[in-house]
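Atom set for the values below is all heavy atoms of this structure, side chains included, hydrogens, waters and symmetry mates excluded.
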Amino acid sequence: MPKISDHASSLQEAVSVRYNNAVYDIKRSGKDVIVLSLGEAFFDLPPASLEGLPHPEGLHYSHSRGVPELRERISRYYHEQYGVSVDPEAEILFTAGSKAAIYFSMMAVLNPGDEVLIPEPMWVSYPEQARLCFAKPVSIPYPNKVGDFEHFLTDRTRLLIINNPNNPTGYVYSKRELQYLSDMARANDIYLLSDEAYSDFLVDRSFVSAGCLDEAKSHTIVCNSISKNLGISGWRIGYAIAGAEFIRQLLKINQHVITCPATNLQQYLVRNFDSLIQTTTPQITDVVNKRSVVADYLQKQGLEAVSGSAGFYLFVSISPSALDSETFSMRLLNERQVCVVPGFGYGPSCDKFVRLSVGSEPLDRIYRGIDAIKSLIAETRHA
């Protein structure tokens with residue numbers, strides 16, 4: 001076999017995806033697994049039908065910025081929900097999920113050797129996407145606060161990435177914190193990329209977008225996911241909002257890598273976006289409330305989780321255990337048939353945590369999973 005590139009060989013798998021693939025393999029063998037690792041909420045949605053959509057247009061390429069009607073609808077949504085004004089003709093671009101939007105944005109910003117600041121706990125793909133751009137990811141270890149981020153700036157820093165609300169903790173940045181980061185980005189001539197894939201997962205709808213604090217979009221990139229907020233992760237539809245010149249650069253990358261997102265799925269969303277929002281909004285409230293109930297159960301079991309209030313994840317400490325998070329998670333899966341995501345995937349400072357998702361299992365099975373976590377911690381405590 002011809003040699004694989006050193007660059008590809010040096011990349012790490014996405015740890016959350018690796019564990020979920022293991023779950024799929026175990027389930028295919030007929031075994032039951034309590035799945036607390038999936039990064040999505042399972043909503044009750046009507047079957048998707050392509051009937052009545054434009055035909056044969058849906059069989060062919062669409063605009064590389066995204067179907068115009070979808071750009072208009074999401075631009076209006078960001079203005080209505082978050083007060084961010086977006087020009088649908090120039091300041092928004094759709095691509096194959098928010099993961100692609102983030103990576104393409106890095107490609108548009110970074111030169112080889114540039115640095116990307118990433119506060120931990122970080123979403124698992126940020127550092128590897130930076131490396132794919134031949135840039136250097138610079139972790140800000142947990143539990144540094146927003147006011148500490150500037151200490152990690154160097155003359156090679158080009159980008160700061162935040163995940164708001166945060167995956168895996170559910171932490172939500174305040175308007176004051178976002179203003180601080182926006183001012184820091186402007187003062188240091190860097191971009192602030194705000195990954196807002198869980199923007200709707202707040203019970204009180206108090207989310208503040210980073211786009212609110214940079215009206216000219218001179219140094220801010222907002223990436224979001226229709227997939228997460230509408231419970232259709234398998235559709236891989238996401239978007240970026242930024243200044244017109246930045247979107248022009250992003251457009252070239254989008255054209256060369258994917259051409260356009262799936263045309264029929266975009267058309268379906270144009271027609272059904274409002275009804276999907278009406279269907280998923282109360283279910284989002286339910287899953288966030290469910291997170292709160294599970295947090296209470298964790299506390300009653302003597303287990304600690306990082307403070308957060310949004311989304312459907314909890315970042316649970318396993319620190320009494322002598323095991324690292326990878327060994328702990330593998331034993332939990334193999335010995336107790338409970339799947340979580342090891343904390344090391346969210347940064348080196350997070351190796352004594354595991355991520356627990358409440359989006360895909362009923363409460364009784366989640367409680368059984370938590371009991372298994374507690375049991376394994378007790379079994380593997382430091383002597």
Side-chain angles (χ1 to χ4, degrees), residues 15-17 19-20 23 33-43 119-124 142-143 162-173 195 197-204 207 228-229 231 233 283-321 323-326 328-329 332-333 336-347 349-378:
V15 64
S16 56
V17 178
Y19 271 76
N20 287 326
V23 166
V33 181
I34 295 176
V35 184
L36 306 181
S37 55
L38 277 178
E40 57 181 320
F42 287 3
F43 296 147
E120 298 178 5
M122 66 177 78
W123 180 56
V124 297
Y142 174 78
I162 61 170
N163 185 197
N164 184 35
N166 180 263
N167 167 11
T169 66
Y171 181 80
V172 182
Y173 286 81
D195 174 3
Y198 299 91
S199 57
D200 286 349
F201 285 86
L202 287 81
V203 170
D204 61 2
F207 174 75
K228 293 287 186 183
N229 292 333
S233 59
Q283 295 182 73
I284 286 174
T285 299
D286 289 344
V287 79
V288 178
N289 285 334
K290 184 180 178 184
R291 180 194 184 278
S292 180
V293 170
V294 173
D296 289 341
Y297 186 80
L298 282 167
Q299 189 173 36
K300 290 175 182 175
Q301 299 307 307
L303 299 176
E304 295 182 1
V306 177
S307 177
S309 60
F312 44 85
Y313 304 118
L314 291 146
F315 209 41
V316 182
S317 173
I318 58 167
S319 59
S321 172
L323 304 179
D324 60 76
S325 61
E326 170 83 320
F328 185 95
S329 298
L332 190 70
L333 178 58
R336 290 165 167 81
Q337 290 72 56
V338 176
C339 191
V340 295
V341 183
F344 83 90
Y346 303 94
S349 65
C350 302
D351 196 32
K352 299 305 290 186
F353 295 87
V354 295
R355 189 191 76 174
L356 183 157
S357 171
V358 306
S360 61
E361 293 279 12
L363 276 175
D364 62 323
R365 285 172 62 86
I366 295 172
Y367 291 162
R368 282 169 50 195
I370 290 171
D371 293 345
I373 293 170
K374 181 180 178 180
S375 171
L376 185 57
I377 290 173

Least distance between heavy atoms, Val354 atom then Pro342 atom
CG1-CA, 4.4 Å
The single option from Phe315, Tyr142, Trp123 passing ring pair (Phe, Tyr, Trp, His ring centres under 6.0 Å) against Tyr346:
Phe315
Looking at every non-hydrogen atom in both residues, tell me the closest pair between Gly345 and Val15 and how far apart they are.
CA-CG1, 3.5 Å
With side chains defined as the heavy atoms from C-beta onward, is the minimum distance between Val33 and Val338 less than 4.5 Å?
no
All heavy atoms of Ile284 vs all of Asp200, minimum pair found to be CG2-O, 3.3 Å
Let me confirm one number: the CG-CG distance from Asn167 to Asp195, rounded to the nearest 0.5 Å.
8.5 Å
Any heavy-atom pair between the side chains of Ser329 and Tyr19 that's under 4.5 Å?
yes
Any side-chain donor near an acceptor of the partner, Arg355 and Ser16, under 3.5 Å
no
Report yes if the side chains of Val35 and Glu361 come closer than 4.5 Å at any heavy-atom pair, otherwise no.
yes
Between OG of Ser357 and CG of Leu314, what distance do you get to the nearest 0.5 Å?
9.0 Å
May I ask you to check whether Phe207 and Tyr198 place their ring centres under 6.0 Å from each other?
no
Identify the heavy atoms of Val203 and Thr285 that sit nearest to each other, and give their distance.
CG2-O, 4.2 Å
Give a yes or no on this: more than 12 heavy atoms of other residues, nucleotides or ligands lie within 6.0 Å of atom CD of Gln301.
yes
Show the numbers, then the answer: is there a side chain to side chain contact (heavy atoms under 4.5 Å, CB included) between Leu202 and Val288?
CA-CA 7 Å; Leu202 287 81; Val288 178; over 6 Å; no
Once rounded to the nearest 0.5 Å, what's the spacing between atom CG of Leu298 and atom CD1 of Ile370?
4.0 Å
Looking at the rings of Tyr367 and Tyr297, which for Trp means the six-membered one, are their centres under 6.0 Å apart?
yes
Evaluate the side-chain proximity of Ser321 to Leu376: yes if any heavy-atom separation is below 4.5 Å, no if none is.
no
NZ/Lys374 to CD1/Ile377 distance, rounded to the nearest 0.5 angstrom?
9.5 Å
Taking all non-hydrogen atoms of both residues, which atom of Asn229 and which atom of Ala197 are closest, and how far apart?
OD1-O, 3.1 Å
For residues Val316 and Val340, determine if any side-chain heavy atom of one lies less than 4.5 Å from a side-chain heavy atom of the other.
no
Look up atom CZ in Arg291 and atom CD1 in Ile366, then write down how far apart they are to the nearest 0.5 Å.
12.0 Å
Under a 4.5 Å cut-off applied to non-hydrogen side-chain atoms, are Val287 and Val358 in contact?
yes
So how far is it from Glu40 CD to Ser37 OG, rounded to the nearest 0.5 Å?
10.0 Å
Decide yes or no on side chain to side chain contact (heavy atoms under 4.5 Å, CB included) for Ile373 and Leu356, but give the supporting numbers first.
CA-CA 10 Å; Ile373 293 170; Leu356 183 157; 4.0 Å; yes
Would you call the rings of Phe201 and Phe43 parallel, tilted or perpendicular if under 30° counts as parallel and over 60° as perpendicular?
parallel
Can you name the nearest heavy-atom pair linking Ser325 to Ile318, along with the distance?
CA-CD1, 3.9 Å
Taking Lys300 for the side chain and Ala295 for the main chain, is one N or O donor matched with an acceptor at less than 3.5 Å?
no
